[in-house]
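Residue numbers begin at 1 in each chain, while the letters A, B, ... track the order of the sequences.
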There are 2 protein chains.
Amino acid sequence: MKQYEHPPADAFELTAILHALADPYRLSVVRRLAQAQPQPCAPLQAGRPKSSTSHHFMVLRKAGIVRTEVVGTTHMNSLRDAELEARFPGLLATVLKAAAMTPLEACVPAAS
Amino acid sequence: MKQYEHPPADAFELTAILHALADPYRLSVVRRLAQAQPQPCAPLQAGRPKSSTSHHFMVLRKAGIVRTEVVGTTHMNSLRDAELEARFPGLLATVLKAAAMTPLEACVPAAS
DNA sequence: TGTATAGTTCGACTATAATCGAACTATTGA
DNA sequence: TCAATAGTTCGATTATAGTCGAACTATACA
């Protein structure tokens with residue numbers, strides 16, 4: 001039962017978080033997780049190959065935005081919202097609110 | 001007296017703003033502008049060549065974060081904070097607050 | 001002990017972005 | 001009109017990131 005490395009909250013870096021959220025696909029993943037947590041990767045792929053999806057989840061994990069728990073054969077993802085809130089108060093909520101001004105459907109980038 | 005193009009507030013894109021703020025040098029520029037507005041580019045160069053500085057200001061302008069007014073031979077930069085606030089309430093303030101958790105001196109990246 | 005499922009890792013390729021010197025433009029002020 | 005100053009533009013280089021197929025790992029379940 002191998003698990004993932006997750007940075008501790010006091011190691012979160014603002015620029016890494018902003019960079020992770022600056023990608024339209026990753027932002028859409030975060031928005032979907034904010035609606036329903038936890039979720040496996042599969043329903044969030046949006047047509048991408050598994051390798052691309054995996055890469056984006058790694059970016060989100062390294063930035064401290066997402067926590068991934070191995071549960072059986074699926075990897076359940078959730079937002080580290082409480083830790084993010086403690087480290088950078090209001091940041092995630094404000095970005096999600098800003099993102100919500102555009103419908104999610106209009107934002108999910110197609111795989112190339 | 002040539003002036004710059006600035007996108008209207010309703011054309012601001014969240015991902016472009018996050019991307020612009022995700023760069024440590026650009027974030028440091030925004031922090032300095034938040035402390036003192038307006039300012040020319042020169043005192044914000046932090047050792048970079050003029051061409052690099054100019055590039056970063058262009059990214060900030062295109063994202064809608066900075067407004068540049070040509071005044072004589074200097075180009076005065078200010079934050080478009082009211083417009084940003086109207087478009088994405090709380091976003092800039094929250095990011096600035098998060099950034100303030102690290103001293104500005106510790107964040108200004110050296111030119112390579 | 002297969003076999004299917006979920007997701008990772010690897011390696012190659014491509015695209016985007018940062019960096020910088022050098023030449024250029026616009027304005028001021030002597 | 002000439003020199004100085006502030007910043008842009010250009011073009012080349014390098015670095016970083018995204019994309020994707022193929023092979024791989026780990027677990028579940030028949």
Check: Which atoms form the tightest heavy-atom contact between B:Pro89 and A:Thr94, and what is the distance?
Finding: O-CG2, 3.5 Å
Note to self: Could you work out, with side-chain contact (heavy atoms from CB on, under 4.5 Å) as the rule, every residue matching A:Ala9, not counting sequence neighbours?
What the structure shows: A:Phe12, A:Glu83
Notebook entry, point to check: Starting at CD of B:Glu69 and ending at P of C:dT27, how long is that distance when rounded to a whole Å?
Noted result: 14 Å
Check: Is there a side-chain polar atom (N or O) of A:Arg48 under 4.0 Å from OP1 or OP2 of D:dG18?
Finding: no
Next item on the list: For A:Glu69, enumerate each residue passing the side-chain contact (heavy atoms from CB on, under 4.5 Å) test, keeping only those at least two apart in sequence or located in another chain.
Entry: A:Gln3, A:Arg67, A:Val71
Next item on the list: May I ask you to verify if any side-chain N or O of B:His56 is less than 4.0 angstrom from the OP1 or OP2 atom of C:dA17?
Entry: no
Please produce a list of atom pairs where a protein N or O lies less than 3.5 Å from an N or O of nucleotides 8-11 of chain D.
from	atom 1	to	atom 2	distance (Å)
D:dT8	OP1	B:Tyr4	OH	2.8
D:dT8	OP2	B:Ser54	OG	2.5
D:dT8	O5'	B:Ser54	OG	3.1

Check: Quick one: B:Asn77 CG to D:dG7 P, roughly how many Å, whole number?
Finding: 8 Å
Item checked: Rounded distance in Å - CD (A:Gln3) to C1' (C:dG7) -> 13 Å
Please list, pair by pair, any protein nitrogen or oxygen found under 3.5 Å from a nitrogen or oxygen in nucleotides 3-5 of chain C.
none

Note to self: If the helix axis at each end comes from five base pairs, how far does the helix from C:dT1-D:dA30 to C:dA30-D:dT1 deviate from straight, to 10°?
What the structure shows: 20°
Notebook entry, point to check: Taking atom C1' of D:dA15 as reference, at what distance in whole Å does atom OH of B:Tyr25 sit?
Noted result: 19 Å
Next item on the list: Write out all pairs satisfying side-chain hydrogen bond (donor to acceptor under 3.5 Å, both in side chains) with one or both partners inside residues 4-16 of chain A, taking only residues at least two apart or from two chains.
Entry: A:Tyr4-A:His75
Item checked: Under the side chain to side chain donor-acceptor pair (under 3.5 Å) test, residues paired with B:Ser52 that sit two or more places apart -> none
Next item on the list: Sort out for me which residue in A:Val95, A:Leu60, A:Leu91, A:Leu92 forms a side-chain contact (heavy atoms from CB on, under 4.5 Å) with A:Ile17.
Entry: A:Leu91
Check: Could you state the CD-C1' distance from A:Gln45 to D:dT19, rounded to the nearest angstrom?
Finding: 14 Å
Item checked: Interatomic distance, B:Gln39 CD vs D:dA6 C1' [rounded to whole Å] -> 15 Å
Checklist line | ring pair (Phe, Tyr, Trp, His ring centres under 6.0 Å) partners for A:His19, two or more places apart | finding: none
Next item on the list: List for me each residue that meets side chain to side chain donor-acceptor pair (under 3.5 Å) alongside A:Arg31, sequence neighbours excluded, and say none if there are none.
Entry: none
Item checked: Partner set under side-chain contact (heavy atoms from CB on, under 4.5 Å) for B:Gln39, not counting sequence neighbours -> B:Arg32, B:Leu33, B:Ala36, B:Pro43, B:Leu44
Margin query: Test: ring pair (Phe, Tyr, Trp, His ring centres under 6.0 Å). Region: residues 43-69 of chain B. Which pairs qualify, not counting sequence neighbours?
Written below: B:Tyr25-B:His56
Notebook entry, point to check: Partners of A:Thr73 by side-chain contact (heavy atoms from CB on, under 4.5 Å), sequence neighbours excluded?
Noted result: none
